[in-house]
**Q** 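Here it is, the structure in full.
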Amino acid sequence: MDVVILFAMVIALLAVGVPIAVALGLSSTVFLLMFSDSSLGSIAQSLYQAMAGHYTLLAIPFFILASSFMSTGGVAQRIISFAIAVIGHVRGGLAIAGVLACMLFAALSGSSPATVVAVGSIVIAGMQKVGYSKDFAAGVICNAGTLGILIPPSIVMVVYASATDVSVGRMFLAGVIPGLLAGFMLMAAIYVIARVKNLPKGEWLGWPEVFSTILDASWGLFLMVVILGGIYGGVFTPTEAAAIASVYAFLVAVFVYRDMGPLKGKPWIPEEDKDRALLGLRVWGFTLVSTIIYVVAAFMLGAPIMNGVWGGLAFLVVAVILGGTMHKAVAAGWGQKLSAAVVVIFGVLPLLFVLRGIWGSENSVAMDIILTVLSVIVLVLPPAVFAFALLRSAERLVASGASYEDSLMTGVGHLVRANLQNLAMFVPALVHKDTKHTLLEAGKLTIMLMFIIANALILKHVLTDEQVPQHITEAMLAAGLGPITFLIVVNVILLIGGQFMEPSGLIVIVAPLVFPIALELGIDPIHLGIIMVVNMEIGMITPPVGLNLFVTSGVAGMPIMRVVRAALPFLMVLFVFLIMVTYIPWLSTFLPTSLMGPEIIVR
């Protein structure tokens with residue numbers, strides 16, 4: 001009965017508009033004063049030591065900071081351009097491209113509101129211009145933005161891992177298949193609606209445009225490789241990955257894309273030189289980046305550093321020859337054939353050799369499929385991007401009438417000049433007003449989130465002190481509750497709670513309550529975590545406290561209730577998706593089990 005009073009106080013305070021963090025902390029304090037024998041000093045101790053033993057939470061500030069640097073218009077615009085080039089030519093293609101852009105940006109930010117702001121501020125206006133209704137555009141982005149907390153890296157997953165002491169790496173892996181499935185389900189729903197309503201479609205821009213936009217977006221998308229590759233490659237922990245990601249995001253936003261900081265608006269190549277210098281710049285630039293990758297790989301593998309240097313020199317020779325050949329091929333009208341030949345020689349043939357080893361192994365079929373997809377990305381995509389990037393820049397060089405030798409000389413000159421600018425502006429960039437503003441905004445969001453989590457941990461302390469989890473576990477098991485009905489109860493609790501509370505705070509409270517019951521019933525804790533994250537997704541787009549609704553309202557300039565109505569049709573897709581995730585554990589557990597082995601659970 002006492003616990004009922006505790007939760008009643010929390011709900012009452014939320015109902016009268018008290019901030020979530022204050023409602024959690026104040027109700028816990030009042031409960032201890034009136035109904036508990038614990039010392040009030042335990043509240044101060046719990047608040048002061050809220051993060052002690054929850055070191056995984058240290059990753060959250062760094063992920064937020066990385067998201068803040070990546071949430072620039074330039075990064076989002078490049079990702080959207082790539083998505084449109086890939087899928088914009090089908091019926092309803094711009095809306096589907098918006099979902100794809102949200103999926104890609106989710107893998108950079110880990111935050112749903114950040115995804116809605118970055119993608120929605122560009123896509124919603126673009127969809128209106130080509131004939132989509134404002135309501136349809138807002139509904140698509142509002143729902144697709146929720147993928148920000150499901151596709152790894154996810155801040156909410158970090159919170160769940162900290163609250164239940166499960167592996168962050170396993171949680172990130174577990175979110176991959178559900179995240180892709182949710183995105184494809186939204187795309188399928190949009191395509192069906194587009195066919196029924198005859199929504200507009202774009203034109204196929206060709207493979208050169210696809211690979212050119214990949215190149216433009218590659219620096220931002222490489223952040224996924226830095227985070228996930230570093231974690232699963234055993235290079236660093238999730239917290240270290242978050243810290244490195246924030247540094248990488250700063251360098252990319254300020255010095256590569258130059259979307260902020262002292263070099264904002266200063267391109268690597270002046271517009272008047274771009275046609276004749278771009279081919280040379282890409283030859284030298286690809287060589288420089290490849291050399292750095294080779295050297296880093298040699299260092300990580302324990303090989304001599306000079307091996308990486310020699311690899312870079314070999315790449316330079318190939319790049320210079322290929323660039324000159326591409327220039328002549330474009331002038332002669334067979335540039336695309338040469339690009340295709342390069343992809344076959346340097347991508348497809350090595351892929352076939354690797355695939356023979358993969359499919360001849362004793363792995364499961366599902367694992368063979370995963371390794372095949374990864375092999376295609378690693379072996380075919382880089383030479384394809386390289387070849388078609390040279391093709392597009394060679395076309396511009398031919399149009400300018402300049403020689404290849406002139407392009408090489410001009411390109412290396414601009415590459416050296418731009419990097420000298422980067423070196424000269426490094427220290428000023430650290431104290432630039434854009435950097436300060438980004439740090440301030442990330443700090444404000446971090447403080448808000450951590451304050452909610454800290455107060456939620458106080459409530460968790462009270463519940464633990466009163467042995468509430470044990471009582472609930474005993475009551476549910478005594479009632480003969482099985483896994484199916486238990487998961488129904490969990491979903492109902494989370495769907496209701498998600499309408500009123502911020503996801504991180506709700507997970508800190510609910511996860512410790514349901515976690516021991518799930519273990520007793522044989523439910524995988526990683527599976528439970530993904531179920532909770534999907535419920536939090538739905539909570540982000542359900543009133544009265546659905547944060548994505550308010551963010552979309554601000555981005556689209558629409559009343560909140562109009563956004564709610566616009567989001568409802570696609571919300572049904574997420575409900576179907578929730579049922580699938582709840583009762584098909586394989587979706588969540590296959591990748592973690594296959595790549596990291598079976599989990600050892602200590603009850």
Side-chain angles (χ1 to χ4, degrees), residues 73 76-106 112 115-148 150-151 179-207 209-210 212-214 217 537-538 540-542 546 548-549 551-577 580:
Q77 181 62 66
R78 291 174 178 89
I79 291 175
I80 292 166
S81 297
F82 164 63
I84 292 173
V86 171
I87 201 71
H89 60 284
V90 304
R91 184 71 62 186
L94 187 54
I96 297 174
V99 176
L100 178 58
C102 286
M103 293 171 68
L104 294 172
F105 197 85
S112 287
T115 302
V116 172
V117 171
V119 178
S121 57
I122 301 171
V123 170
I124 291 176
M127 289 175 67
Q128 286 183 265
K129 288 181 181 178
V130 298
Y132 293 86
S133 70
K134 194 174 186 179
D135 291 58
F136 183 81
V140 167
I141 299 302
C142 184
N143 281 266
T146 62
L147 298 173
L150 180 59
I151 294 177
L180 294 175
L181 177 61
F184 289 139
M185 287 177 66
L186 286 172
M187 291 180 187
I190 292 170
Y191 181 74
V192 171
I193 295 172
R195 298 291 296 183
V196 172
K197 295 187 175 183
N198 197 32
L199 295 177
K201 65 176 181 177
E203 296 181 358
W204 169 244
L205 302 176
W207 289 109
E209 181 66 18
V210 171
S212 179
T213 53
I214 289 178
E537 276 192 279
I538 296 174
M540 298 287 283
I541 49 176
T542 49
N548 274 22
L549 297 174
V551 174
T552 306
S553 174
V555 169
M558 295 169 57
I560 187 67
M561 289 310 299
R562 186 176 167 190
V563 176
V564 172
R565 288 192 296 270
L568 276 178
F570 302 101
L571 181 60
M572 297 301 104
V573 175
L574 291 183
F575 273 118
V576 173
F577 171 64
M580 294 175 63

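Small disclaimer: the values here were computed from a predicted structure and weren't measured.
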**Q** Is there side-chain contact between I151 and F105, with heavy atoms separated by less than 4.5 Å?
**A**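 No, side chains not in contact.
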
**Q** Of the options I190, I84, I80, which is the one that meets L94 in a side chain to side chain contact (heavy atoms under 4.5 Å, CB included)?
**A**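 Only one option passes, and that is I84.
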
**Q** Shortest non-hydrogen contact from A182 to L147?
**A**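 What the structure gives for the nearest pair is CB-CD2, 3.6 Å.
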
**Q** Taking side chain to side chain donor-acceptor pair (under 3.5 Å) as the test, write out the residues that go with S112, two or more places apart.
**A**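 If we apply the side chain to side chain donor-acceptor pair (under 3.5 Å) test to S112, skipping adjacent residues, there are no hits.
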
**Q** Kindly compute the distance separating CZ (R91) from CD1 (I193), expressed to the nearest 0.5 Å.
**A**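 One finds 14.5 Å between CZ of R91 and CD1 of I193.
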
**Q** State, to 0.1 Å, how close S553 and P559 come at their nearest heavy-atom pair, and which atoms those are.
**A**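 So the minimum-distance heavy-atom pair works out to OG-C, 4.0 Å.
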
**Q** Within this structure, what is the OG1-CD1 distance for the pair T552 and I560, rounded to the nearest 0.5 Å?
**A**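 Rounded to the nearest 0.5 Å, the OG1-CD1 separation comes out at 8.0 Å.
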
**Q** Of the non-hydrogen atoms in G148 and A106, which two are nearest, and what is the gap between them?
**A**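 Of all heavy-atom pairs spanning G148 and A106, the closest is CA-CB, 3.4 Å.
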
**Q** Quick one: OG1 on T542 to CZ on F575, what's the gap to the nearest 0.5 Å?
**A**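 So the OG1 of T542 and the CZ of F575 are separated by 7.0 Å.
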
**Q** What distance do I541 atom CD1 and C142 atom SG have between them, rounded to the nearest 0.5 Å?
**A**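 Reported to 0.5 Å precision, the distance equals 5.5 Å.
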
**Q** If you round to the nearest 0.5 Å, how far is CE of M103 from OG1 of T115?
**A**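 Going from the OG1 atom of T115 to the CE atom of M103 covers 11.5 Å.
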
**Q** To the nearest 0.5 Å, what is the distance between OG1 on T146 and CD1 on I538?
**A**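 If I round to the nearest 0.5 Å, the distance is 8.5 Å.
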
**Q** Identify each donor-acceptor pair in which a side-chain atom of residues 120-136 lies under 3.5 Å from a protein atom, sequence neighbours left out, and give them as a table.
**A**
unit_1 : atom_1 : unit_2 : atom_2 : d
S121   : OG     : V117   : O      : 2.7
S121   : OG     : A118   : O      : 3.4
Y132   : OH     : P200   : O      : 3.1
S133   : OG     : F136   : N      : 3.1
K134   : NZ     : A556   : O      : 2.7
D135   : OD1    : R562   : NE     : 3.0
D135   : OD1    : R562   : NH2    : 2.7
D135   : OD2    : R562   : NE     : 3.2

**Q** Mind listing the closest non-hydrogen atom pair of W204 and V86 along with its distance?
**A**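 Here W204 and V86 meet closest at CZ3-O, 4.1 Å.
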
**Q** For residues N143 and V573, determine if any side-chain heavy atom of one lies less than 4.5 Å from a side-chain heavy atom of the other.
**A**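 They are not in side-chain contact.
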
**Q** Not counting sequence neighbours, which residues clear salt bridge (charged side-chain N to carboxylate O under 4.0 Å, His left out) with R565? List them please.
**A**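 With neighbours one apart ignored, the set is empty.
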
